[in-house]
Amino acid sequence: MGYQAKFKVWRGDAEGGDFVDYRVDVEEGEVVLDIMHRLQATQAGDMAVRWNCKAGKCGSCSAEVNGRPRLMCMTRMSTFGEDEEISVAPIRTFPVIRDLVTDVDFNYAKAREVPAFAPPEGVAPGEYRMSQVDVERSQEFRKCIECFLCQNVCHVVRDHEENKEPFSGPRFLMRFAELDMHPLDVRNRKEDAQEEGGLGYCNITKCCTEVCPEHIKITDNALIPMKERVVDRKYDPLVWLGKKIFKR
Ligand code: SF4
Ligand code: F3S
Ligand code: FES
């Protein structure tokens with residue numbers, strides 16, 4: 001059975017904006033993205049909304065629905081009461097372009113800062129050999145759809161613009177961790193994660209893990225083990241002795 005839902009949708013651009021009230025028809029089985037499309041088709045033809053797959057796989061339709069970072073295409077209307085007022089706003093950590101569309105370029109810049117996979121010299125593509133257990137260890141991280149909801153929610157950058165320079169955010173710290181677990185990668189990813197990625201800024205609040213639509217255990221399986229490996233290296237007596245000798 002259809003009904004009319006009360007929506008507050010943020011409208012505006014880089015100069016500023018505000019929530020605008022709408023009443024929109026809802027049909028059974030619909031998701032928030034369907035409602036945004038109906039709004040465009042019937043009342044707000046110029047409203048900007050980014051989407052692509054409508055299947056939770058392209059990572060384009062990230063927004064804050066009732067203040068919670070979510071994929072609009074995976075947020076069922078049935079999770080809200082019919083009388084509930086539902087707010088839809090652009091993700092907050094990145095600059096607004098227009099309405100629900102933000103400029104997520106920060107994330108692509110951070111992606112470029114992660115040095116590519118570095119195999120040992122003399123081993124050509126096609127000659128790489130890994131055991132299944134090593135393949136499986138990082139498989140989880142490869143489910144990432146780059147929706148950047150984790151990047152948006154992490155308080156290190158959400159509330160501190162000044163941290164955007166030194167901190168890569170959970171999605172790219174996870175990439176450092178993935179490469180560190182790769183048995184053929186020869187770069188010192190622990191040092192990269194600390195010095196390039198700002199791993200020390202993460203204080204394990206786990207908000208990133210809570211919002212990940214792919215249910216990747218970013219904190220428990222990538223960030224905490226990476227922090228442990230960094231600490232092990234720092235306090236490893238052999239590493240310490242080596243540093244002392246070579247600093248002389
Ligand atoms: Fe999105 Fe999860 Fe990937 Fe972060 S780790 S970008 S929340 S899919
Ligand atoms: Fe941020 Fe996730 Fe760490 S939310 S503080 S990167 S555990
Ligand atoms: Fe692709 Fe929502 S439209 S994830």
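Heads up: numbering here begins at 1 and tracks the sequence.
Side chains of Val49 and Cys61 form no contact here, defined as non-hydrogen atoms less than 4.5 Å apart. The shortest distance between side-chain heavy atoms of Arg187 and Phe117 does not fall below 4.5 Å. A heavy-atom distance below 4.5 Å is not found between the side chains of Asn152 and Ser62. A heavy-atom distance below 4.5 Å is not found between the side chains of Ile97 and Asp13. Between Asp192 and Pro115 the shortest side-chain heavy-atom distance falls below 4.5 Å. For the pair Val230 and Leu199, the minimum side-chain heavy-atom distance is below 4.5 Å. Between Asp134 and Met181, every side-chain heavy-atom pair lies at or beyond the 4.5 Å cut-off. For the pair Cys147 and Pro213, the minimum side-chain heavy-atom distance is below 4.5 Å.
Atoms CE and CD, on Met77 and Glu30 in that order, are 8.0 Å from each other to the nearest 0.5 Å. Between atom CE of residue Met74 and atom CG of residue Leu33 there is a gap of 11.5 Å, rounded to the nearest 0.5 Å. Taken from CD1 in Ile218 to SG in Cys150, the straight-line distance is 4.5 Å, to the nearest 0.5 Å. Note that CG of Asp34 is 11.0 Å distant from CE of Met72, once rounded to the nearest 0.5 Å. To the nearest 0.5 angstrom, Phe19 atom CZ is 5.0 Å from Ser87 atom OG. In this structure, the separation between CD on Glu85 and CZ on Phe80 is 12.0 Å, given to the nearest 0.5 Å.
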Steps toward side chain to side chain contact (heavy atoms under 4.5 Å, CB included) verdict (Thr209, Asp220)
CA-CA 8 Å; Thr209 304; Asp220 287 351; over 6 Å; no
Stepwise ring-ring contact (aromatic ring centres under 6.0 Å, His included) check, Tyr108 with Phe172
CA-CA 10 Å; Tyr108 300 114; Phe172 300 104; 8.2 Å; no
Check against side chain to side chain donor-acceptor pair (under 3.5 Å), Arg50 and Ser60
CA-CA 6 Å; Arg50 188 187 278 137; Ser60 308; over 6 Å; no
Applying salt bridge (Lys or Arg N to Asp or Glu O under 4.0 Å), run through Lys8 and Asp21 and close with a yes or a no.
CA-CA 5 Å; Lys8 275 177 131 34; Asp21 293 331; 3.0 Å; yes
Run the side chain to side chain contact (heavy atoms under 4.5 Å, CB included) test on Leu39 and Val24 for me, step by step, so that the C-alpha distance in whole Å, both residues' side-chain angles and the decisive distance to 0.1 Å come before the verdict.
CA-CA 7 Å; Leu39 199 49; Val24 201; 3.8 Å; yes
Carefully, step by step, assess Phe7 and Val88 under the rule side chain to side chain contact (heavy atoms under 4.5 Å, CB included).
CA-CA 8 Å; Phe7 270 86; Val88 186; 3.8 Å; yes
Apply side chain to side chain contact (heavy atoms under 4.5 Å, CB included) to the pair Lys227 and Ile204, showing each step before the final yes or no.
CA-CA 10 Å; Lys227 277 175 175 283; Ile204 320 181; 4.1 Å; yes
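Between the side chain of Glu161 and the backbone N or O of Thr93 there is no donor-acceptor pair closer than 3.5 Å. Judged purely by atom type and a 3.5 angstrom limit, Glu84 uses its side chain to pair as donor or acceptor with the backbone of Gly81. When atom types are taken as modelled, the side chain of Arg38 and the backbone of Asp25 share a donor-acceptor pair closer than 3.5 angstrom. Of the possible donor and acceptor atoms, none in the side chain of Glu64 sits under 3.5 Å from a partner among the backbone N and O of Ala89. Of the possible donor and acceptor atoms, one in the side chain of Asn163 sits under 3.5 Å from a partner among the backbone N and O of Val156. Checking side-chain atoms of His182 against main-chain N and O of Leu184 turns up a donor-acceptor pair under 3.5 Å. Proximity of a side-chain donor or acceptor of Glu196 to a complementary backbone N or O of Val114 within less than 3.5 Å is not detected.
Using a 4.0 Å cut-off between charged nitrogen and carboxylate oxygen, Lys57 and Glu214 count as a salt-bridge pair. A salt bridge links Arg11 to Asp46: one of the charged nitrogens lies within less than 4.0 Å of a carboxylate oxygen. A salt bridge is defined here as a Lys NZ or Arg NE, NH1 or NH2 lying under 4.0 Å from an Asp or Glu carboxylate O, and Lys6 with Asp83 fails to meet this definition. Of the charged side-chain nitrogens involved, at least one lies within less than 4.0 Å of a carboxylate oxygen, so that Arg189 and Asp185 count as a salt-bridged pair. Taking the charged nitrogens against the carboxylate oxygens, Glu178 and Arg142 do have a contact shorter than 4.0 Å, which makes a salt bridge. At a threshold of 4.0 Å, the pair Asp159-Arg92 counts as salt-bridged, since one of the basic side-chain nitrogens sits closer than that to a carboxylate oxygen. Taking 4.0 Å as the cut-off between side-chain N and carboxylate O, Arg229 and Asp180 count as a salt-bridged pair.
Considering every non-hydrogen atom in both Leu173 and Ala193, the closest pair reads CD2-O, 4.0 Å. Of all non-hydrogen atoms in Ser168 and Phe176, the two that sit nearest each other are OG-CE1, 3.9 Å. The two residues Lys110 and Phe167 make their nearest non-hydrogen contact at CE-O, 3.4 Å. A pairwise comparison of heavy atoms in Thr102 and Pro90 identifies CG2-CB, 3.7 Å as the closest pair. Taking both residues in full, the closest heavy atoms of Glu210 and Arg68 are given as O-NH2, 3.4 Å, listed atom of the first, atom of the second, then distance. Contact record, Val153 with Pro69: CG2-CG, 3.9 Å, taken as the closest heavy-atom pair.
The hydrophobic clustering, which links ILVMFWY residues whose side-chain heavy atoms are closer than 4.5 Å, places Phe94 and Leu100 apart. In terms of hydrophobic clustering, with Ile, Leu, Val, Met, Phe, Trp and Tyr side chains grouped at heavy-atom distances under 4.5 Å, Leu179 and Ile216 are assigned to a common cluster. One hydrophobic cluster, built from ILVMFWY side chains closer than 4.5 Å, cannot hold both Val9 and Val96; they sit in different ones. Grouping the Ile, Leu, Val, Met, Phe, Trp and Tyr side chains by contacts below 4.5 angstrom, directly or via other members, places Val20 with Met47. A continuous path of hydrophobic side-chain contacts links Trp51 to Met36 [ILVMFWY only; heavy atoms under 4.5 Å].
When the shell of 6.0 Å around CD of Gln132 is examined, it contains more than 12 heavy atoms from other residues, nucleotides or ligands. Taking a 6.0 Å sphere around NZ of Lys54, one finds it holds 12 or fewer heavy atoms contributed by other residues, nucleotides or ligands. More than 12 heavy atoms of other residues, nucleotides or ligands lie within 6.0 Å of CD in Glu127, so this atom counts as buried by the packing criterion.
A donor and an acceptor atom, one from each side chain of Asn221 and Glu140, are located under 3.5 Å apart.
Only one option out of Pro170, Cys207, Cys202 pairs with Cys154 in a side-chain contact (heavy atoms from CB on, under 4.5 Å); it is Pro170.
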